[in-house]
**Q** 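Sharing a structure with you now.
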Amino acid sequence: MSPLLALLVVAAPLPTTVVAVMPPATDQAGNAWFGLAFADELEARLLAHTVNDPATNKDIYPVSVFGWRQTVAAAREAGITPDHPLTFNEGRDVARALGAVAVFSGTYVIKTTSIRLIWRLLGVGDGLSHELEIPLDEVGVYVGRIYPIIIREAGLHGLGVTVDDPPERPFAALRAYGEALGILRQQSLDPRARIVLSDAQLDAAHVLLSEATRLSPGFGRAWVWRAITSSMRGVSKRSADELQSAREAGEADTPAEALAVYYAFQRGGQPEKAILYLGSTLNHHLGFLLGLGYLAQAYMHANKPGAALQLFTLYQQRVPGNAWVPTMKAECLARLDRHDEALSELVEAQRRFPDSMLVLSGIAVRFLEMGRIEDARRSLTAALARSPNSPQLLARLAHLELESGHLAKAAALAPRAAAGVDTSRGEPEAGYPYLILGRVLAHQGRTADAVEAFETALHLGLGTSELRRLREDPFVAEALKDPRLASIK
Amino acid sequence: MITGADCDSDRVMAMAERPDLRRHIRIPSILPVDFQLRGGGGERFDPEIRTAFTRDLSEGGLRLEITTLPEVVAARLRGKEPLTIEVDIALPGRTLRIPGRVAWRGPGADTRAGWVVGVQFTDVSAADAAAITEYARQAARRPVIVKTVLAAMAVLLVLGGLVYWWNTGILTHRIETTRQALVKSEQEVAQVSDSLGDRQLEIGWLATQVRELADVLDEREGRVPPPAEPGKSPAQELARAIQRLRASILKPQAATKEHP
């Protein structure tokens with residue numbers, strides 16, 4: 001374990017309060033951008049308070065934060081459209097999907113000289129609503145008044161850190177920033193994700209962010225997002241300059257800046273530096289859950305499952321209610337050939353999250369790995385009963401049927417799985433259902449169709465374990481001779 | 001150099017200036033004239049043809065302004081003997097050669113003019129007289145036209161200025177009035193818009209709370225609360241939530257036994 005990682009793991013305080021930030025909603029046409037800009041500001045403020053005390057190496061506020069991107073994704077997975085303020089039940093569902101304790105939700109209307117915001121924290125306390133009339137140019141200042149209430153309502157008392165209010169920003173700068181976030185929200189921030197935004201969209205986002213920094217040169221996070229956008233566009237020199245400007249604007253060593261540097265290094269093919277930089281910032285911001293998740297996954301992809309396991313364990317300690325983490329821990333354990341422990345982890349997770357499709361799917365994968373086909377089928381069938389159209393589950397079941405020699409059943413499932421893949425955000429490893437479809441087609445002797453399916457799978461992204469299993473399948477050998485699939489070999 | 005200032009001819013000048021002695025309209029005009037002074041019987045004493053400029057001109061004669069003359073000629077002019085003269089007047093388009101007599105002579109009015117000589121034509125043909133009259137008429141008309149045009153322009157300018165000033169005043173007033181009306185309208189629109197926004201926000205928030213209540217009732221009755229419908233307006237959401245609430249509260253209850 002690297003000294004850096006050791007520091008991270010030692011620093012883990014228990015337990016933490018986990019807050020998720022849902023962008024406030026509006027019914028005003030064309031003003032949804034404010035919800036994103038506001039949520040981003042609030043997220044940054046809360047993340048600033050995840051900082052730990054260098055003297056004791058403990059969190060000053062034991063808080064962990066799910067950012068607005070993670071929260072919106074969880075809401076969508078729970079079948080909730082984020083175009084209205086959450087009800088108690090919806091807040092509960094979002095909190096459950098993430099493992100959060102409290103979810104910020106609200107609604108607003110932009111008026112001539114002010115913004116009227118009604119908000120509340122769902123999941124903790126009495127859920128009382130708060131109302132604010134925010135002058136247009138003082139959003140940052142007013143967010144500074146909201147987060148202490150969140151900290152208090154979330155049950156965190158104590159002292160703390162004072163974080164200066166951001167400099168007043170012209171409303172037009174915030175607007176340009178929010179509109180850029182509206183474009184970029186469609187793109188996954190995982191550096192391994194495909195860029196699904198067109199060059200024109202990326203350029204438009206960059207222009208808007210440039211407008212934000214022109215109107216407010218001290219707008220650090222706008223510089224950060226400019227740098228990320230430049231990285232996405234492949235303009236690394238410009239990205240480096242913009243990161244420098246971000247640091248000069250007070251974003252040095254903040255979670256947002258660390259994420260941008262991590263993104264730039266990963267896209268630039270320097271994963272070691274990416275890991276080092278993100279890890280260094282996480283040392284001081286253990287509650288930065290997006291970063292923690294990316295760092296753990298980066299260790300996995302760097303073929304260091306032991307280190308990844310440590311980080312996922314830390315993640316789990318901070319967010320015990322998250323069902324995704326045990327599946328990732330199990331994946332790490334399996335990579336370390338500790339299959340029984342992996343299964344135990346998942347069985348324990350299933351006890352705690354009986355409705356989690358992720359856990360059931362993870363158990364099925366482990367059973368498949370261990371050759372326990374019937375157990376795997378049972379888990380998958382149970383998961384599909386809860387989510388009958390999940391492409392990942394359908395693909396797993398098709399895989400299982402294929403391994404069991406039931407080609408017809410696999411052939412019935414695989415096309416359904418492939419058809420349901422969501423390619424809109426370019427999430428990495430979204431190509432698994434197409435990989436299974438390709439294997440089914442190869443087993444049917446339809447080599448040309450199989451090659452096409454594999455090509456799509458490659459385009460959408462595949463994990464290393466899936467590629468390994470593919471290469472071990474003798475039926476696909478003919479298809480893999482195709483030069484279009486050279487990278488699989 | 002001899003100048004006309006040496007000549008005593010005040011009497012002649014005075015007579016020439018008397019308006020009642022003139023039979024013709026004299027038009028102030030400056031025209032180049034070639035002339036030759038001669039004796040009273042027409043004998044030539046100056047072999048040269050000299051050039052001077054008219055000061056005024058009529059069909060009966062002209063006033064000639066002569067800058068310099070050689071002494072021999074000046075001496076004759078200074079004397080009191082009658083003199084004749086032949087002038088070539090360069091009118092636009094043609095030159096008239098007319099004989100005349102020196103009716104009076106005197107010094108020039110300024111330093112440039114040595115002599116001023118009044119010439120009375122003695123033999124003017126009808127055609128030449130007509131040409132001079134026509135020239136005089138045109139010359140007389142020209143200043144009138146110019147003056148009229150200038151006056152008209154001045155009047156127009158003044159009128160234009162007045163109209164401009166008037167219009168600018170009216171326009172400025174109108175612009176200011178319109179601007180004030182616009183500002184007021186904008187403020188009113190903003191107030192109405194803000195007020196509508198407030199109502200929209202409150203209805204949306206109320207809809208959320210009514211939905212929550214309906215969710216609680218649904219769960220108590222063992223029903224799964226329906227998800228929110230995307231794309232609905234706050235009013236539609238509220239109406240839907242109230243409908244759910246009404247359906248839960250007003251659903252038929254099982255008949256209770258009445259106690260005897």
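To find a chain, count down the sequence lines: A is the first, B the second, and so on, and within it residues start at 1.
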**Q** Are A:Asn89 and B:Glu212 packed together at the side-chain level, in the sense that at least one heavy-atom pair is separated by less than 4.5 angstrom?
**A**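 No, their side chains stay 4.5 Å or more apart.
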**Q** Return each pair, listed once, that meets salt bridge (charged side-chain N to carboxylate O under 4.0 Å, His left out) where at least one residue sits in residues 86-105 of chain A; pairs must be two or more places apart or across chains.
**A**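 Only A:Glu90-B:Arg211, A:Arg92-B:Glu219 qualify under salt bridge (charged side-chain N to carboxylate O under 4.0 Å, His left out).
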**Q** Under 4.5 Å between any side-chain heavy atoms of B:Trp205 and A:Arg120, yes or no?
**A** yes
**Q** Where on A:Leu86 is there a heavy atom nearer than 4.5 Å to chain B: the side chain, the backbone, both, or neither?
**A**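 For A:Leu86, the backbone is the part near chain B, not the side chain.
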**Q** Heavy-atom distance under 4.5 Å to chain A: side chain of B:Thr208, backbone, both or neither?
**A** both
**Q** Please tell me if the side chains of B:Asp194 and A:Arg116 come closer than 4.5 Å, counting only heavy atoms from C-beta onward.
**A** no
**Q** Would you mind checking if B:Lys232 and A:Asp83 are paired as a salt bridge, meaning a charged N to carboxylate O distance below 4.0 Å?
**A**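 Result for this pair is no, no salt bridge flagged.
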**Q** What's the separation between atom OG1 in A:Thr87 and atom CG in B:Asp215, rounded to the nearest 0.5 Å?
**A** 5.0 Å
**Q** Using every non-hydrogen atom in the two residues, find where B:Gly197 and A:Val109 come nearest and quote the distance to one decimal.
**A**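 Residues B:Gly197 and A:Val109, closest heavy atoms: CA-CG2, 3.5 Å.
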**Q** Just checking B:Arg199: does its CZ atom have more than 12 heavy atoms from other residues, nucleotides or ligands closer to it than 6.0 angstrom?
**A**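 Counting other residues, nucleotides and ligands, CZ of B:Arg199 exceeds 12 neighbours.
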**Q** What do the steps show when you test A:Lys111 against B:Asp198 for side chain to side chain contact (heavy atoms under 4.5 Å, CB included), and what is the final call?
**A** CA-CA 8 Å; A:Lys111 301 198 288 185; B:Asp198 277 336; 2.9 Å; yes
**Q** Between A:Asp27 and chain B, with a heavy-atom cut-off of 4.5 Å, which part of the residue counts as in contact: side chain, backbone, both or neither?
**A**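 Both parts, backbone and side chain.
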**Q** Which answer fits A:Thr107, side chain, backbone, both or neither, if we ask what part of it has an atom under 4.5 Å from a heavy atom of chain B?
**A**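 Both the backbone and the side chain of A:Thr107 come within 4.5 Å of chain B.
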**Q** Is it the case that over 12 heavy atoms from other parts of the model lie below 6.0 angstrom from the CZ atom of A:Arg386?
**A** yes
**Q** Measuring from atom OG1 of A:Thr112 to atom CD of B:Glu186, what distance do you get when rounded to the nearest 0.5 angstrom?
**A** 10.0 Å
